Amino acid sequence: MTFPDMAGHFGKYGGRFVPEALVKALDELERAYREAKQDPVFQQRFDGLLKNYAGTPSLLYRAERLSEALGAEIWLKREDLNHTGAHKVRNVLGQALLAKRMGKPRVIAETGAGQHGVASATAAALLDLECVVYMGATDTERQALNVARMRMLGATVIPVTNGSQTLKDALNEALRDWVSTVETTHYLLGTAAGPHPFPEIVRDFVGGIGVEAREQIVGATGQLPDAVAACVGGGSNAIGIFHAFVPDEGVRLFGFEAGGDGVETGRHAASITGGSVGVLHGNRTYLLQDEDGQTMESHSISAGLDYPGVGPEHAWLHDTGRATYEPVTDAEAMAAFQLLCRTEGIIPAIESAHALAGAAKIAPRLAAELGRTPTILVNLSGRGDKDVHTAGAYFGILDDNEVLVPGEQE
Amino acid sequence: MSIAETFAKAKAEDRSVLVGCMPAGFPTVDDSIASMVAMAESGCDVIEVELPYSDPVMDGPVIQKASDIALANGVRSRDTLKIIEAVSRTGATVVLMTYWNPIEKYGVDAWARDLAAAGATGMITPDLIPDEGAEWIAAADKHGIDRTFLVSPSSTDERLAMTVASCRGFVYATALMGVTGARTSVSSQAPELVERIRRADPHMPVGVGLGVGTGAQAAEVAAFADGVIVGSALIRCVLEAPDLATGHDRLRALSAELAEGVRGGAPR
Ligand SMILES: Cc1ncc(COP(=O)(O)O)c(C=O)c1O
């Protein structure tokens with residue numbers, strides 16, 4: 001059986017928990033997507049942009065020095081080398097083409113750190129679409145550079161001042177916009193979450209990551225990896241690299257959630273490992289909520305993982321046991337961030353550093369279990385340019401030249 | 001009075017039902033009870049209690065703000081039940097409006113049971129469509145709670161018929177494509193939507209909401225709908241008042257104006 005089912009359910013997860021006013025637009029989107037999927041012209045256009053504009057297939061890189069440090073053979077899927085610096089460009093190009101196809105001249109997007117906003121503004125500029133980006137007012141202040149980038153690209157950035165003024169509120173505001181503008185507007189949702197058909201569409205648009213990586217690693221090593229590791233915010237880069245490997249039962253799938261200060265402290269963004277089942281932003285999934293079902297604020301050093309929910313397919317992969325989800329704390333992620341910088345000369349996005357830290361955690365476990373050096377494929381979902389300020393402040397290297405080694409900054 | 005009786009009575013009086021909305025616990029539990037009682041005493045036939053929620057995607061700025069204040073002041077789901085109990089004890093007809101997650105978290109069957117015990121007669125679900133509503137429909141039936149789903153100008157005929165068939169008590173017609181909040185004019189899409197609902201089911205009472213804020217607008221909507229639903233304009237009376245006493249004075253005045261409006265609709 002393939003998932004989701006006709007109504008967008010992955011087991012009990014997913015579905016559509018939305019105002020009736022949006023159902024027609026979601027139905028239209030689903031229909032347009034099914035047609036586009038069958039249309040060779042659309043697929044050619046999408047593949048062409050991915051190849052000639054975004055720069056995919058992204059490299060698969062064998063990280064020798066990192067492998068040595070971690071005691072595992074580590075292969076990095078270099079999504080950080082894509083245009084705009086992350087896997088997200090795949091999704092926005094696909095959805096912007098869909099918007100064109102549906103004859104909608106305007107796209108709206110939500111963004112946390114601004115990565116998805118910048119990617120959306122990029123695709124909108126390329127395809128001549130009007131673009132409005134909703135961003136929590138707290139985030140527009142924290143991420144002023146990305147706000148400037150979006151504006152340079154011609155997008156309108158609207159700071160959202162209600163609720164907690166972060167990503168979840170930006171998403172609420174985008175949904176409110178969409179309720180009143182569905183005739184002319186496509187909601188370019190930034191992750192594999194939200195109401196059906198978004199989790200499926202986003203998964204399929206980013207699914208090239210896993211398809212490419214599977215081919216590349218088999219080509220390079222002659223076999224499948226022992227494990228695939230990715231960070232999980234809303235879940236797009238993770239489902240993008242997992243999906244092609246789901247049928248390969250021998251390949252373990254690991255999703256690493258943002259553990260913040262530690263799941264036990266309550267200050268984290270680990271929806272699966274530290275949350276419970278409920279409904280948020282149009283789908284049933286795991287989320288951070290209090291006893292009354294009110295959404296709780298998430299915490300993570302990584303703005304891209306700082307979201308209190310997770311895509312429904314991950315909830316399903318967790319329940320079925322096909323994938324394993326574990327938290328990675330801010331401190332663990334930042335140690336891995338520094339390790340990659342120093343061993344490979346690659347500055348990763350802090351989100352992706354969570355995947356690296358996770359790989360470091362599972363390496364000894366897998367080695368013990370397999371009785372040999374394990375091969376781990378890690379999705380390096382994005383580059384760290386956007387995080388220089390955060391990481392610089394974390395390591396104390398912005399104001400003076402003192403570099404603290406991890407563990408000393410406490 | 002049940003929803004059906006309330007609509008039947010209004011019909012007999014050749015007028016529309018006035019439904020007034022107020023978030024539970026805004027600004028405090030006791031104050032919200034006082035607001036709702038004032039509304040009922042001044043002409044609201046049905047009190048629509050809104051359960052404050054952290055992520056109210058169907059609501060505009062006024063209801064968001066009021067809900068945020070209620071939540072910041074610590075209102076809990078069980079307080080909403082307490083408020084419903086207090087208000088329905090005064091004889092008012094009470095329905096609940098709630099986003100879905102708090103209900104799922106409480107336990108769907110337990111909620112329907114406790115809601116009925118508190119005296120509510122119905123529940124409106126802005127983000128639960130019948131497609132996902134099997135568990136709620138079963139629980140509501142078991143405990144005798146009327147269920148109101150929303151229809152929108154964008155609903156296809158097929159969805160409209162399915163949704164109306166899933167409703168008990170009344171159906172909520174959202175007058176325009178948008179979120180809650182008073183508008184300067186009544187949507188031109190509303191009469192056509194009501195007409196389409198009547199074609200799907202001539203007997204199902206239709207409440208029209210989104211955008212109504214004055215007696216004149218209430219009269220305009222009452223001319224073609226069985227119920228007029230007012231939220232933001234009433235809430236603003238309290239939200240923008242310098243003190244609660246002034247807020248309640250304004251709330252009574254506006255409720256009375258709206259009540260006159262629903263009686264000024266052209267006879268059907
Ligand atoms: C580089 C990078 N990786 C991962 C994420 C997390 O999103 P997702 O879980 O949808 O991949 C983001 C989000 O901004 C990101 O920028």
Side-chain angles (χ1 to χ4, degrees), chain A residues 6-9 12 14-28 160-165 168-185 194-196 276-285 287-297 308-309, chain B residues 51-61 63-65 67-68 70-71 74-80 98-107 111 125-133 135 149-156 158-160 162-163 171-174 176-181 210:
Chain A
M6 296 276 288
H9 296 114
K12 69 176 174 180
R16 272 184 191 169
F17 294 82
V18 292
E20 167 68 17
L22 292 179
V23 172
K24 183 176 171 221
L26 292 169
D27 279 342
E28 252 175 43
V160 175
T161 53
N162 38 38
S164 58
Q165 314 199 1
K168 84 171 177 66
D169 307 285
L171 212 153
N172 291 339
E173 209 52 34
L175 283 169
R176 288 184 192 112
D177 177 316
W178 206 30
V179 170
S180 36
T181 60
V182 282
E183 285 298 320
T184 57
T185 299
H196 177 64
S276 54
V277 175
V279 166
L280 177 66
H281 292 146
N283 65 108
R284 181 177 286 119
T285 187
L287 60 123
L288 305 183
Q289 57 182 333
D290 70 11
E291 283 169 55
D292 280 355
Q294 305 287 346
T295 312
M296 296 197 318
E297 260 180 71
Chain B
L51 190 144
Y53 178 51
S54 52
D55 297 271
V57 296
M58 261 304 281
D59 285 311
I63 297 185
Q64 284 176 47
K65 183 88 189 286
S67 297
D68 280 350
L71 288 171
V75 71
R76 304 288 311 265
S77 293
R78 57 174 181 273
D79 292 323
T80 298
T98 181
Y99 290 88
W100 184 242
N101 195 50
I103 306 313
E104 192 154 302
K105 188 71 183 167
Y106 191 95
W111 182 263
T125 51
D127 66 346
L128 184 74
I129 52 178
D131 316 53
E132 300 280 359
E135 194 183 356
F149 295 100
L150 276 55
V151 293
S152 141
S154 70
S155 304
T156 60
E158 195 188 350
R159 285 200 61 78
L160 194 139
M162 181 277 288
T163 304
V171 58
Y172 191 132
T174 52
L176 45 81
M177 296 301 289
V179 295
T180 56
L210 297 202

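Nothing here was measured: the structure is a model prediction, and the numbers come from that model. Lettering of chains follows the sequences in order, A, B, ..., and the numbering in each one begins at 1.
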- [ ] Please flag which part of B:P130 lies under 4.5 Å from any non-hydrogen atom of chain A: side chain, backbone, both or neither.
- [x] neither

Task: Non-hydrogen atoms of B:K105 and A:S276 that approach each other most closely - done: NZ-OG, 3.3 Å

TODO: Would you mind checking which part of A:D290 comes under 4.5 Å of any heavy atom in chain B, side chain (CB onward), backbone (N, CA, C, O), both or neither?
DONE: backbone

- [ ] Give a yes or no answer on whether the side chain of B:S54 reaches the backbone of A:Q294 with a donor-acceptor pair at less than 3.5 Å.
- [x] no

Open item on the list: If I measure from the heavy atoms of chain B, does A:L171 come under 4.5 Å with its side chain, its backbone, both, or neither?
Closed with: neither

Open item on the list: Any non-hydrogen side-chain atom of B:Y99 less than 4.5 Å from a side-chain atom of A:V279?
Closed with: no

Task: Contact leader toward chain A among B:L128, B:D59, B:T125, B:D131, where contacts are heavy-atom pairs under 4.5 Å - done: B:D59

Task: Toward chain A, the part of B:P102 with a non-hydrogen atom under 4.5 Å - done: both

Task: Region of B:L71 in contact with chain A, defined by heavy-atom distances below 4.5 Å - done: side chain

Open item on the list: If I compare all heavy atoms of B:S154 with all of A:A21, which pair ends up nearest, and what's the gap?
Closed with: OG-O, 3.2 Å

Open item on the list: Quick check: do A:V23 and B:T156 have side-chain heavy atoms less than 4.5 Å from each other?
Closed with: no

Task: Engaged part of B:Y106 at the chain A interface, taking heavy atoms whose separation is under 4.5 Å - done: neither

Open item on the list: If I measure from the heavy atoms of chain A, does B:T174 come under 4.5 Å with its side chain, its backbone, both, or neither?
Closed with: neither

- [ ] Look at the side chain of B:D127 and the backbone N and O of A:F17, then say whether any donor-acceptor pair between them is shorter than 3.5 Å.
- [x] no

Open item on the list: Tell me the closest heavy-atom pair linking B:R159 and A:D27, and the distance in Å.
Closed with: CD-OD2, 4.4 Å

Open item on the list: Could you tell me if the side chain of B:D55 sits less than 4.5 Å from the side chain of A:L280, heavy atoms only?
Closed with: yes

Task: Leading residue by heavy atom contact count with chain B [cutoff under 4.5 Å; candidates A:N162, A:V182, A:D177, A:L22] - done: A:N162

Task: Residue list, salt bridge (Lys or Arg N to Asp or Glu O under 4.0 Å) with A:E28, at least two apart or on another chain - done: A:K104

Open item on the list: side chain to side chain contact (heavy atoms under 4.5 Å, CB included) for B:N101 and A:L287? Distances and angles first, verdict last.
Closed with: CA-CA 11 Å; B:N101 195 50; A:L287 60 123; 4.1 Å; yes

TODO: For chain B, find which of A:D169, A:V277, A:T181, A:V18 contributes the most heavy-atom pairs closer than 4.5 angstrom.
DONE: A:V18

- [ ] Mind ranking A:H9, A:M296, A:H281 by heavy-atom pairs under 4.5 Å with chain B and telling me who comes out on top?
- [x] A:H9

TODO: Could you tell me whether a side-chain N or O of A:D292 sits under 3.5 Å from a main-chain N or O of B:S77, the two making a donor and an acceptor?
DONE: yes

TODO: Sort B:I103 into side chain, backbone, both or neither according to what part of it lies under 4.5 angstrom from a heavy atom of chain A.
DONE: neither

Task: Partner residues of A:E297 under the salt bridge (Lys or Arg N to Asp or Glu O under 4.0 Å) criterion, sequence neighbours left out - done: none

Open item on the list: Donor-acceptor pair, distance only, cut-off 3.5 Å: does the side chain of B:E132 make one with the backbone of A:R16?
Closed with: yes

Task: Side-chain touch A:R176/B:Q64, heavy atoms, less than 4.5 angstrom - done: yes

- [ ] Walk me through it: do A:E183 and B:M177 pass the test side chain to side chain contact (heavy atoms under 4.5 Å, CB included)?
- [x] CA-CA 10 Å; A:E183 285 298 320; B:M177 296 301 289; over 6 Å; no

- [ ] For the residue pair A:E20 and B:S152, confirm or rule out a side-chain donor-acceptor distance under 3.5 Å.
- [x] no

